[in-house]
Amino acid sequence: MMADVSSTQVHQSHPDIVAGTSLLHPHARTFPGGLQASGFLAAQGGELSGYFDEPSVTTRCTVILSGTCSMKAGGQKYHFQARDLILARTSSETFTFENSAEFSALEIHAPSMLLEQMHVEPFTGIQARPLGLQDLAMRIAKQLLGYLRTAPGSCSQISTPDVLRGYGMAMTILGYAFTSWGTEKTQLNKKNIARLETAQQALLKHFDRAPTIPQLAAMCDLSPTRFKGNPPIKRVAFE
C-alpha cells in the first residue's frame with residue numbers, strides 16, 4: 001500500500017505495539033547535535049511514496065543490513081542490496097521507495113552543522129559502494145540497530161552512558177563512511193595513480209637500495225609531505 005509521507009515522518013519513532021512491522025515505524029533515537037539514528041525492520045515487502053522536507057540540510061548515511069530496496073528520486077532510480085553503504089544529500093523533491101521481504105537497514109541523519117565541524121566536504125546526489133562482511137561500518141551498524149531496538153521509548157529513561165554509547169556508534173559509522181570515501185577518491189585519481197606507479201617502478205628497480213622518501217617524492221613531482229599523504233603503494237608486486 002502506498003502512503004504519502006514526508007521524509008521526517010518516515011524517521012519518527014513508533015509505538016511499541018507496531019514495532020518492526022513497517023518502514024513507517026522505525027526504531028529511532030535523536031542524539032546531541034541533532035544527530036539521528038533510525039533502524040528499519042520489515043518482514044514483508046512494501047512500498048511508499050513521499051517527499052523530502054529537509055532539502056540540503058541533512059546528509060543520510062545508510063547501511064543496508066539485509067534484503068534489497070529501490071528508490072526513485074530526481075528522475076533516477078537506484079537499487080541497493082545487503083552490505084551497501086549509501087551517502088545521500090537530496091534536494092526538495094518527491095520520492096518512491098520499495099523494499100523486499102526480510103529487509104533491514106540502519107540510517108543516520110547528520111545535520112550540515114555537524115559535518116562542518118567534522119570538516120567534511122559537502123556533496124550532492126546519492127553515492128553507494130559495497131561493504132565487506134568484516135567492514136567496521138557493517139559491524140557497528142548491526143550493533144547500533146540492536147541498541148535502538150532495546151533502548152527505552154523515552155530519552156529521559158536512558159542513562160547518560162547509554163546515550164553516549166549510541167552516539168559513539170553513530171559517529172563511528174559516519175567517520176568510517178566519509179574517511180573511506182575520501183581514500184577511494186584519492187585512489188581513483190588518475191594523476192595520483194600515475195605518480196604512485198612511478199614510485200613503485202623505482203622501488204622495484206632498486207629494491208636492493210631503495211630510494212628515500214624525498215627521492216621518491218621528487219620523482220613524482222610532489223613534496224615529501226604530499227607524497228606521504230597519498231595512498232600506500234601496494235606491496236603485492238614484492239611478494
Side-chain angles (χ1 to χ4, degrees), residues 1-15 17-31 33-116 118 120-131 137 141 144-145 148-149 170 173-174 177-178 181 185:
M1 179 179 295
M2 300 289 284
D4 291 312
V5 297
S6 72
S7 55
T8 298
Q9 290 174 323
V10 174
H11 291 268
Q12 289 178 343
S13 192
H14 59 73
I17 193 170
V18 292
T21 60
S22 169
L23 289 178
L24 292 175
H25 302 286
H27 302 272
R29 178 69 54 206
T30 299
F31 297 106
L35 186 73
Q36 183 184 34
S38 301
F40 298 94
L41 293 165
Q44 300 179 349
E47 56 183 316
L48 59 85
S49 65
Y51 59 94
F52 295 109
D53 59 347
E54 44 186 350
S56 302
V57 175
T58 298
T59 296
R60 298 168 176 81
C61 175
T62 306
V63 180
I64 307 299
L65 299 175
S66 63
T68 61
C69 64
S70 299
M71 185 178 76
K72 185 176 182 180
Q76 295 189 24
K77 192 166 186 177
Y78 304 87
H79 302 279
F80 306 115
Q81 60 186 5
R83 299 202 303 275
D84 277 350
L85 172 64
I86 306 145
L87 283 176
R89 192 170 187 181
T90 52
S91 57
S92 180
E93 59 196 6
T94 60
F95 68 87
T96 59
F97 183 90
E98 300 176 52
N99 64 276
S100 69
E102 304 301 327
F103 175 79
S104 63
L106 188 285
E107 183 163 304
I108 298 169
H109 282 195
S112 296
M113 184 176 296
L114 178 61
L115 295 183
E116 289 172 3
M118 295 169 62
V120 173
E121 294 184 6
F123 70 95
T124 57
I126 297 176
Q127 305 174 7
R129 68 180 178 86
L131 292 172
L144 183 51
L145 177 59
L148 295 172
R149 294 184 67 186
I173 295 171
L174 271 183
F178 283 107
W181 239 292
K185 287 179 181 178

Within this structure, what is the CD1-CE distance for the pair I126 and M71, rounded to the nearest 0.5 Å?
3.5 Å

How close do G34 and P111 get, heavy atom to heavy atom, and via which atoms?
O-CG, 3.5 Å

Could you tell me how the ring of F103 sits relative to the ring of F97: parallel (under 30°), tilted (30 to 60°) or perpendicular (over 60°)?
perpendicular

Could you give the distance from CG (L65) to CG (L145), rounded to the nearest 0.5 Å?
6.0 Å

Dump the intermediate steps for salt bridge (charged side-chain N to carboxylate O under 4.0 Å, His left out) on E98 and K77, then the final yes or no.
CA-CA 11 Å; E98 300 176 52; K77 192 166 186 177; 3.8 Å; yes

If you take all heavy atoms of T96 and S49, which pair is closest and at what distance?
CG2-CB, 4.0 Å

On a heavy-atom basis, the closest approach of A105 and T62 is CB-CG2, 4.4 Å

Exercise: identify the closest heavy-atom pair between L148 and G39:
CD1-N, 3.6 Å

Hey, is the main chain of T8 close enough, under 3.5 Å, to the side chain of D53 for a donor-acceptor pair?
yes

Side chain T58, main chain H109, donor-acceptor under 3.5 Å
no

So, the side chain of S66 versus the backbone of S104: is there a donor-acceptor pair under 3.5 Å, distance only?
yes

Sub-4.5 Å side-chain heavy-atom contact between D84 and Y78
no

With heavy-atom distances below 4.5 Å as the criterion, would you say the side chains of R149 and L41 are in contact?
yes

F178 side chain reached by L115 side chain, heavy atoms, under 4.5 Å
yes

Any S7 side-chain heavy atom under 4.5 Å of R60 side chain:
yes

Closest heavy-atom pair, T59 versus R89, reported as atoms and distance to 0.1 Å, is OG1-CD, 3.8 Å

Close side-chain approach of V63 and L144, heavy atoms under 4.5 Å
no

State, with a plain yes or no, whether a side-chain heavy atom of F95 is found less than 4.5 Å away from one of L48.
yes

Which atom of Q36 lies closest to which atom of A28, heavy atoms considered:
NE2-CB, 4.3 Å

Are L85 and C61 side-chain neighbours, meaning at least one heavy-atom pair lies under 4.5 Å?
yes

Is there a donor-acceptor contact under 3.5 Å linking the side chains of Q81 and H79?
no

